[in-house]
Visitor: 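Handing you a structure now.
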2 protein chains.
Amino acid sequence: MEISELGEFGLIDHLTKGLTTVNPSTVKGVGDDCAVLRNRDTDILVTTDLLLEGVHFDLTYVPLKHLGYKSAIVNFSDVYAMNGRPKQITVSLGISRRFTVEHIAELFSGIRLACEIYGVDLVGGDTTSSRQGLVISITCIGEAEADKVVRRSGAHDTDLICVSGDLGAAYMGLQLLEREKAASAGMKDFVPKFDGKEYLVERQLKPEARRDVIEALGAAGIVPTAMMDISDGLSSELLHICKQSDAGCRIYEDRIPIDYQTAIMAEELGMNLVTAALNGGEDYELLFTVPLHFHEAIQRIEGVKVIGHITKPSLGCAMITRDGTEIPLRAQGWNPLAEKE
Amino acid sequence: MEISELGEFGLIDHLTKGLTTVNPSTVKGVGDDCAVLRNRDTDILVTTDLLLEGVHFDLTYVPLKHLGYKSAIVNFSDVYAMNGRPKQITVSLGISRRFTVEHIAELFSGIRLACEIYGVDLVGGDTTSSRQGLVISITCIGEAEADKVVRRSGAHDTDLICVSGDLGAAYMGLQLLEREKAASAGMKDFVPKFDGKEYLVERQLKPEARRDVIEALGAAGIVPTAMMDISDGLSSELLHICKQSDAGCRIYEDRIPIDYQTAIMAEELGMNLVTAALNGGEDYELLFTVPLHFHEAIQRIEGVKVIGHITKPSLGCAMITRDGTEIPLRAQGWNPLAEKE
């Protein structure tokens, strides 16, 4: 079915059919000029992401449902990174004419699945045509107790630096997908080779936000002093925290969590494994700092690892390699404004 | 200066230098994963708009500062249309390589000017490259007293239908700009002819949101039963209100407010004036309904006109022409998904 057959409002009706809301704070969702949210005694968190075809995603190998799921997740991840809980999102889409209603419904089903799993209400958005491929703009509203919001600026000397999960896998997944795309060029019925590398593909195409870690921290009574999610790479994010906290840091190469599939893929591609883990990006893991006295409590939280500590600002930011050398951290993460047109 | 010289964070720093916040509810703006807003006893309103180059604006005749101003205003207008007050916005930009830092600063200066005038805090956003021309996605958060939020669905039989300002001028301004663009094709030092039509150009390039009307209604103790802003044309919006309120309506051709410049331009172009006023769109005026007993109170509000009344749903939606004929209202407003690529 052509989108023009439905028109804007028809398409919105189609996409939001059966959509319900689950949060008491959602007074009014889709269907008016504004979504209405009601709150007391809590902070409202707002975050937004703009995703453009050809810059942020390649539909050659990204299924639309996965794209929708990931588009929502990256916003939820930002809310968790403030120690909040995502509650509502708005979704704006710019759609070029090669997309059908079914395509957009597929994209939307991924967004709705993410909302369902994470308990988030889709409360509004905008839909328009695009001459320029697919445009996805999502804004997420979250809530947090006012005294438990965690910013980037609160890290102190001697705080422990922690990360969840493992790093570099999403980046290696991207390399793998790009390799198979290149291999498939001009071939019919090409079957990409993902055997033994499923984890990498999943980390790239279907990342999750670390709600579990936020809940575990809450249950343990730990409020981090600073926190971010790792979207541009550990190096880049850690430099943000140190800059905004007026601090330095030391992390240890042998403490950086890396999955074995990531290591195998780096070897295959002849890439430096630690560089990939430090700068790969799109991990959507949490990077946070806690006071030293939480050392034991943190070790009891599954999937969280201490990788170093915060220092005085005069010491700068560095990684200690396995052989004891200090290497200054640099932000080599993905720079979306440096992309070629 | 090239944007790539600054990088993403450098550009954001550049664009937000000296930015301050004015609302007590803005606890934390630009510079973290989320903006933090704090509230009590009020409803939070969220609205979002996606604007794409070549679909929503033509940079041949739209100055970037005006574009920024208008991009913000259209969101504020949505918040006022709920009887709310805009408080915060997030701004996401996709920027292609033909834009310089100065260009984007110009665009941003328009957004910031609108924020300053309307008392709104810019609290976040996203910036990325685009292969596809300029992309602007703005989300606006507003506040309203919970018992004073006005939706589209509350209009009742015998309610008066009111509009602010005048209609069709922004559409005629667009026609004028398109005409002068065509006339300038291939000509050097072309000077467009806007004499005596300045109002039309201003309505198209620099619309305002009707905060004054919302304030006047508030001061008069009037809470409309239904309200929308007119972005797609009076016909289309009125049909929305009637559908969502399960009601019909009658409006009177001779009551529709039209500026004389709009009338002159329609004559010059050989267009039907009332059709332009009903379907032109981009007026950003307020369309609302009030109980009959407010008739006198409404007439005392400057710039607001009663154009008809709500009926039982069985009577349908129609306009009574000057000669007494009933013409069914149809939604002929702008359909962004019907645009040609």
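Note: hydrogens, waters and symmetry copies are ignored here, and every other heavy atom, side chains too, is used. Letters A, B, ... mirror the listed sequences (proteins, then strands); counts begin at 1.
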Visitor: Roughly how far, to the nearest 0.5 Å, is the NZ atom of K87(A) from the CD1 atom of I44(B)?
Guide: 14.5 Å
Visitor: Chain A heavy atoms under 4.5 Å from E143(B): which part of the residue, side chain, backbone, both or neither?
Guide: neither
Visitor: Does any heavy atom of chain A fall under 4.5 Å from the side chain of I141(B), the backbone, both, or neither of them?
Guide: side chain
Visitor: If the test is side-chain contact (heavy atoms from CB on, under 4.5 Å), which one of T90(A), V91(A), I138(A), I89(A) qualifies with T48(B)?
Guide: T90(A)
Visitor: Going by heavy atoms in the side chains, are R131(A) and V55(B) under 4.5 Å from each other?
Guide: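 Yes, at least one pair of side-chain atoms sits under 4.5 Å.
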Visitor: Which heavy atom of L52(B) sits nearest a heavy atom of S129(A), and at what distance?
Guide: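 Reported closest heavy-atom pair: CD1-O, 3.2 Å.
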Visitor: Identify which one of L50(A), D49(A), L51(A) satisfies the side-chain contact (heavy atoms from CB on, under 4.5 Å) criterion when paired with T128(B).
Guide: L50(A)
